[in-house]
A.B. asks: 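I have a structure I would like to understand better, so I am pasting it below and will then ask my questions one at a time.
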Amino acid sequence: MAQALLEGTKLRLLFEAGIDDEGKPILKAKSFNNITKVATADQLSQAAQAIAVLCNDKLNKVERNDSSEILG
């Protein structure tokens, strides 16, 4: 049976930086590497909100990106 070994976690924040000519939001992303693998969704949300307070643009979305090595 194959196994997935979690290798790394990134936190990605998407901010609304304006509106384009078609009325769609222009999104800017900020990524943070080396996030602890055991971070919970609540902890990541709190970190994202704390960072968003320091930014000029409105926070649109918070993503957690995990990468795993598959062994099998």
A.B. asks: How far apart are the closest heavy atoms of Glu7 and Lys37, and which atoms are they?
C.D. replies: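 So the two residues come closest at O-CE, 3.3 Å.
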A.B. asks: Which distance, rounded to the nearest 0.5 Å, do you find between the CD of Gln3 and the CD1 of Ile70?
C.D. replies: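 If I round to the nearest 0.5 Å, the distance is 9.5 Å.
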A.B. asks: Same cluster or not: are Leu44 and Leu14 linked, directly or through other Ile, Leu, Val, Met, Phe, Trp or Tyr residues, by side-chain heavy atoms under 4.5 angstrom apart?
C.D. replies: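 Per the 4.5 Å side-chain linkage, Leu44 and Leu14 are not co-clustered.
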A.B. asks: Checking the side chain of Gln46 only, and the main-chain atoms of Gln43 only, is there a donor and an acceptor separated by less than 3.5 Å?
C.D. replies: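 Judged by distance alone, no pair lies under 3.5 Å.
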A.B. asks: Donor-acceptor pairs are to be reported for all side-chain atoms of residues 19-26 against protein atoms at under 3.5 Å, with residues two or more places apart or in another chain.
C.D. replies:
from  : atom 1 : to    : atom 2 : distance (Å)
Asp20 : OD1    : Glu22 : N      : 2.9
Asp20 : OD1    : Gly23 : N      : 3.0
Asp20 : OD1    : Lys24 : N      : 2.8

A.B. asks: I need the Lys10 NZ to Ile35 CD1 distance, nearest 0.5 Å.
C.D. replies: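 Going from NZ on Lys10 over to CD1 on Ile35, the span is 11.0 Å.
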A.B. asks: Would you compute the distance between atom CG of Asn56 and atom CZ of Phe15 and round it to the nearest 0.5 angstrom?
C.D. replies: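 Those atoms lie 10.0 Å apart.
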A.B. asks: Provide the closest heavy-atom pair for Ser68 versus Leu6 in the form atom of the first, atom of the second, distance.
C.D. replies: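 Closest heavy-atom pair between Ser68 and Leu6: OG-CA, 3.7 Å.
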A.B. asks: Could you check whether atom CG of Asn34 has more than 12 heavy atoms from other residues, nucleotides or ligands sitting under 6.0 Å from it?
C.D. replies: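 Count not over threshold, so no.
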A.B. asks: Enumerate the salt bridge (Lys or Arg N to Asp or Glu O under 4.0 Å) contacts for residues 39-68, please, sequence neighbours excluded, ordered by first and then second residue.
C.D. replies: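 Non-adjacent pairs meeting salt bridge (Lys or Arg N to Asp or Glu O under 4.0 Å): Arg12-Glu63, Lys61-Glu63, Arg64-Asp66.
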A.B. asks: Roughly how far, to the nearest 0.5 Å, is CG of Asn65 from OG1 of Thr9?
C.D. replies: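 Those atoms lie 9.0 Å apart.
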A.B. asks: How many angstroms lie between CG in Leu13 and NZ in Lys28, if you round to the nearest 0.5 Å?
C.D. replies: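 The CG atom of Leu13 sits 14.0 Å away from the NZ atom of Lys28.
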